[in-house]
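The block underneath contains the structure these notes are about, expressed in structure tokens.
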Amino acid sequence: MAQIIQWFPGHMAKAFRLMRENLRLVDVVFELVDARIPSSSRNPEVDKLIGSKPRLLIMTKADLADPDQTRLWKAYFESEGHTVLVLDTRDPKTPQLVTKAARRAVASKKEAQLARGIHDQPIRAMISGIPNVGKSTLLNHLVMKNVAPTADRPGVTKKVAWLKTPTKLELLDSPGVLWPKFEDQSIGMKLALTGAVKDTIFAKDDAVLFLIAFFRNYRPKAIIDRYHLTTEIFDEDNVQILLAITEKLGFKDDYDKASERILIDLRKGKLGSFTLDILEDKDV
């Protein structure tokens, strides 16, 4: 039986309380989602919390995702009524792109303020998202200096803080938050594979077997090319594919070590760009 993945440490519950308390202070919520898992990385509790408050949905890490799926997901989110920005957060134009998109998201509110004679007010935004979605990287770009700690692992930001940008945004940073229970364990696996939960709380071989099942259906050539496999291996089950990769990597029968290597390869882009949430599979 596959492991059940959950991760909801105490600082996340505290972060939810602080977000709820501060929501009234902001004009817009920047909801960050990982373009590799654009549906699975949307926190349903944050969605309920935001409610009718204006939001800018920012698809981060687009440079790591399947561009065709990213276009489809962007169109889907826009059809749901969201203002959407697709972002490679390393892009030097990030501050201008985000500020323009934020203005679009709050346009009706700002028009109402102008009608009341309120001019040139900064846009106040709350930044929300799951762990390791790229919030701190985005903040550092927007503020144009390293003010938020970054790392390729979840749980680095532990407190809430206000930051100002040269483009007249006032940003409320907050820790990455998951939700107490994943109803669909495939979501847990996708979050694990992309680094949204700590590596120490899930079995890497379970996650990699899930990954192999996905890649054999959608991107078999990526695995064949990376690990020098033959196409005939796909006549075998996922465990045999993992064992074949283990052997090719020179780890003999140490599939745990091979699973760790495959996970690193995935996150470093050595298996190419990928999107684990396939829009065509979504019940829309």
Side-chain angles (χ1 to χ4, degrees), residues 1-6 33-42 44 59-77 79 86 130 132-133 182-197 199 201-249 251 253-284:
M1 181 177 175
Q3 177 188 17
I4 294 176
I5 297 174
Q6 293 296 154
V33 300
D34 188 327
R36 298 169 299 176
I37 48 171
S39 177
S40 298
S41 58
R42 295 193 74 192
M59 300 179 68
T60 64
K61 306 190 181 186
D63 51 306
L64 302 176
D66 179 338
D68 293 331
Q69 282 295 315
T70 298
R71 282 191 291 271
L72 290 172
W73 277 107
K74 181 176 185 289
Y76 170 74
F77 289 141
S79 74
V86 174
I130 65 170
N132 203 34
V133 76
F182 307 141
E183 297 297 335
D184 180 351
Q185 272 300 300
S186 70
I187 291 175
M189 285 295 182
K190 293 172 184 179
L191 293 170
L193 286 165
T194 52
V197 300
D199 285 352
I201 71 161
F202 67 90
K204 293 183 178 66
D205 57 328
D206 279 350
V208 166
L209 287 171
F210 179 92
L211 176 69
I212 288 170
F214 174 86
F215 267 72
R216 74 184 297 170
N217 285 329
Y218 293 100
R219 303 181 66 83
K221 190 172 186 298
I223 288 186
I224 289 170
D225 290 351
R226 176 64 186 169
Y227 301 113
H228 310 291
L229 304 177
T230 63
T231 55
E232 288 75 21
I233 190 62
F234 289 109
D235 293 331
E236 306 291 339
D237 62 22
N238 297 328
V239 172
Q240 292 303 314
I241 295 174
L242 175 56
L243 291 174
I245 294 172
T246 301
E247 187 176 341
K248 288 287 186 178
L249 289 171
F251 295 140
D253 58 355
D254 191 346
Y255 62 86
D256 287 328
K257 188 176 286 188
S259 296
E260 189 168 343
R261 171 70 66 82
I262 294 166
L263 199 55
I264 291 169
D265 286 350
L266 179 78
R267 293 174 182 171
K268 287 189 172 181
K270 292 182 179 180
L271 291 173
S273 60
F274 67 93
T275 300
L276 296 175
D277 288 337
I278 304 298
L279 184 60
E280 295 92 323
D281 295 343
K282 182 177 175 63
D283 183 12
V284 298

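Note that the structure is a prediction, hence the values are computed from the model and not measured. Index from 1, following the sequence.
In this structure, Ala65 and Thr275 approach most closely via the heavy-atom pair CB-OG1, 3.6 Å. The nearest pair of heavy atoms linking Arg226 to Lys270 is NH2-CD, 3.3 Å. When every heavy atom of Asn132 is checked against every heavy atom of Ala196, the shortest pair comes out as CB-CA, 4.4 Å. The two residues Arg216 and Glu236 have their closest heavy-atom pair at NH2-O, 2.9 Å. Annotation for Leu72 and Glu280: closest pair CD1-OE2, 3.8 Å, computed over non-hydrogen atoms. The heavy-atom pair separating Asp277 from Ile37 by the smallest distance is OD2-C, 3.0 Å.
For the pair Thr231/Ile224, a side-chain contact is recorded, criterion being any heavy-atom separation below 4.5 Å from C-beta on. Contact check for Ile262 versus Leu211: side-chain heavy atoms found under the 4.5 Å cut-off. Between Pro220 and Phe215 there is no side-chain heavy-atom pair separated by less than 4.5 Å. Side-chain contact between Leu209 and Val239 is present, with at least one heavy-atom pair separated by less than 4.5 Å. Contact of the Phe214 side chain with the Asn238 side chain is not registered, since no non-hydrogen atoms from C-beta on lie closer than 4.5 Å. Phe274 is listed as a side-chain neighbour of Leu276, based on a closest heavy-atom distance under 4.5 Å. Residues Ile245 and Ile233 have side chains not in contact (no heavy-atom distance under 4.5 Å, counting atoms from C-beta outward).
Distance CG/Leu229 to NZ/Lys221: 12.5 Å, rounded to 0.5 Å. The distance from atom CG of Asp184 to atom OG of Ser40, rounded to the nearest 0.5 Å, is 7.5 Å. If you take CG on Leu249 and CD on Glu260, they are separated by 12.0 Å, rounding to the nearest 0.5 Å. Rounding to the nearest 0.5 Å gives a distance of 11.0 Å between CD of Gln240 and CD1 of Ile212. Atom OG of residue Ser39 and atom CD1 of residue Ile187 lie 6.5 Å apart, to the nearest 0.5 angstrom.
Aromatic pair Phe251/Tyr255: centroids not less than 6.0 angstrom apart.
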Point to revise | Full working for side chain to side chain contact (heavy atoms under 4.5 Å, CB included) between Ile130 and Leu191 | key: CA-CA 9 Å; Ile130 65 170; Leu191 293 170; 3.5 Å; yes
Exercise for review: May I have the step-by-step check of side chain to side chain contact (heavy atoms under 4.5 Å, CB included) for Lys190 and Arg36, ending in yes or no?
Suggested key: CA-CA 9 Å; Lys190 293 172 184 179; Arg36 298 169 299 176; over 6 Å; no
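A distance-only check finds no donor-acceptor pair linking the side chain of Lys204 to the backbone of Asp256 [under 3.5 Å]. Distance alone, capped at 3.5 Å, is enough to place a donor-acceptor pair between the Arg267 side chain and the Leu193 backbone. A donor-acceptor distance shorter than 3.5 angstrom exists from the side chain of Asn217 to the backbone of Ala213, with no hydrogens or angles considered. The backbone N or O of Ser259 lies less than 3.5 Å from no partner atom in the side chain of Asp205, so there is not a single donor-acceptor pair. For Asp34 (side chain) and Val133 (main-chain N/O), no donor-acceptor pair under 3.5 Å exists by modelled atom type.
Using modelled atom types and a 3.5 Å distance limit, the side chains of Asp66 and Ser273 yield no donor-acceptor pair.
Annotation: cation-pi pair Arg42/Phe77 present, NZ/CZ under 6.0 Å from the ring centroid and within 45° of its normal.
For Asp235, the CG atom is densely surrounded, since the number of other residues' heavy atoms within 6.0 Å is greater than 12.
Relative orientation of the Tyr76 and Trp73 rings is perpendicular, given thresholds of 30° and 60° on the angle between their planes.
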